[in-house]
Asks: 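Following this message is one structure expressed as structure tokens.
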Amino acid sequence: MASVTVTTDGAADGTLYLSWYVSDSPRVVGTIVATDPVALPEGQTQVAGRYTHSFAIPTRSDYVGVRVTTDPAADSGNGSFQAVSAPVDCDPPR
């Protein structure tokens, strides 16, 4: 699950993209497995929500994560990502 809050000036429509990925390192965005768009409507200055993705289990990657990007590109935070250890019941066992 990812909890996301976006603050915008609301001057124009935009899109937030949550790109879910698997990786062998917590410091690198690996293979993108899905991308969810979230509308950022003109005139609205804050959008917040909790978003989920069900990763295919088993995964052979050590980490799962989400990267946040926007269109148009944000002044800060664009491309931020966070990874966590993949569930221990993944195959192969770790």
Side-chain angles (χ1 to χ4, degrees):
M1 175 179 56
S3 294
V4 178
T5 301
V6 177
T7 303
T8 172
D9 62 10
D13 288 333
T15 305
L16 168 73
Y17 294 99
L18 301 172
S19 297
W20 305 93
Y21 67 89
V22 294
S23 181
D24 292 329
S25 169
R27 295 177 293 281
V28 177
V29 173
T31 303
I32 303 292
V33 297
T35 299
D36 297 324
V38 178
L40 303 174
E42 180 179 357
Q44 192 167 344
T45 58
Q46 188 170 29
V47 175
R50 289 183 177 204
Y51 306 94
T52 61
H53 174 75
S54 295
F55 288 90
I57 302 295
T59 180
R60 295 193 178 276
S61 299
D62 293 329
Y63 298 90
V64 295
V66 63
R67 178 180 64 185
V68 178
T69 55
T70 60
D71 183 24
D75 290 338
S76 66
N78 202 40
S80 298
F81 64 93
Q82 180 69 49
V84 296
S85 295
V88 294
D89 58 350
C90 290
D91 183 24
R94 291 184 239 305

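In this chain, residues are counted from 1 in sequence order.
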Asks: With rounding to the nearest 0.5 Å, note down the distance linking CD in Q44 to CG in D9.
Replies: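 Answer rounded to 0.5 Å: 12.5 Å.
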Asks: Is there any side-chain hydrogen bond (donor to acceptor under 3.5 Å, both in side chains) pair reaching into residues 66-77, and which pairs are they, with sequence neighbours excluded?
Replies: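 Residue pairs with at least one partner in residues 66-77: T70-N78.
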Asks: Report yes or no: do Y21 and V68 belong to one cluster of Ile/Leu/Val/Met/Phe/Trp/Tyr joined by side chain heavy-atom distances under 4.5 Å?
Replies: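 No, because Y21 and V68 fall into different hydrophobic clusters, even though each may have its own neighbours under 4.5 Å.
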Asks: Quick one: side chains of residues 23-43, donor-acceptor pairs under 3.5 Å with protein atoms, not counting sequence neighbours, listed by atom name and distance.
Replies:
residue : atom : partner : partner atom : Å
S23     : OG   : S25     : N            : 3.1
S23     : OG   : S25     : O            : 2.9
S23     : OG   : V28     : O            : 2.8
S25     : OG   : R27     : N            : 3.1
T35     : OG1  : S19     : OG           : 3.4
D36     : OD2  : W20     : NE1          : 2.9

Asks: Mind checking side-chain contact (heavy atoms from CB on, under 4.5 Å) for T5 and listing every partner two or more places apart, or none if nothing turns up?
Replies: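 Q46, A48.
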Asks: Verify side-chain contact (heavy atoms from CB on, under 4.5 Å) between L16 and V47, making sure each step is shown before the conclusion.
Replies: CA-CA 10 Å; L16 168 73; V47 175; over 6 Å; no
Asks: Could you tell me if the ring centre of Y51 sits under 6.0 Å from that of H53?
Replies: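 Judged by ring-centre distance (under 6.0 Å), Y51 and H53 do not meet the cut-off.
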Asks: Using residues 79-86 as the side-chain source, report each donor-acceptor pair under 3.5 Å to any protein atom, sequence neighbours left out, with the distance given to one decimal.
Replies:
residue : atom : partner : partner atom : Å
S80     : OG   : G77     : O            : 2.7

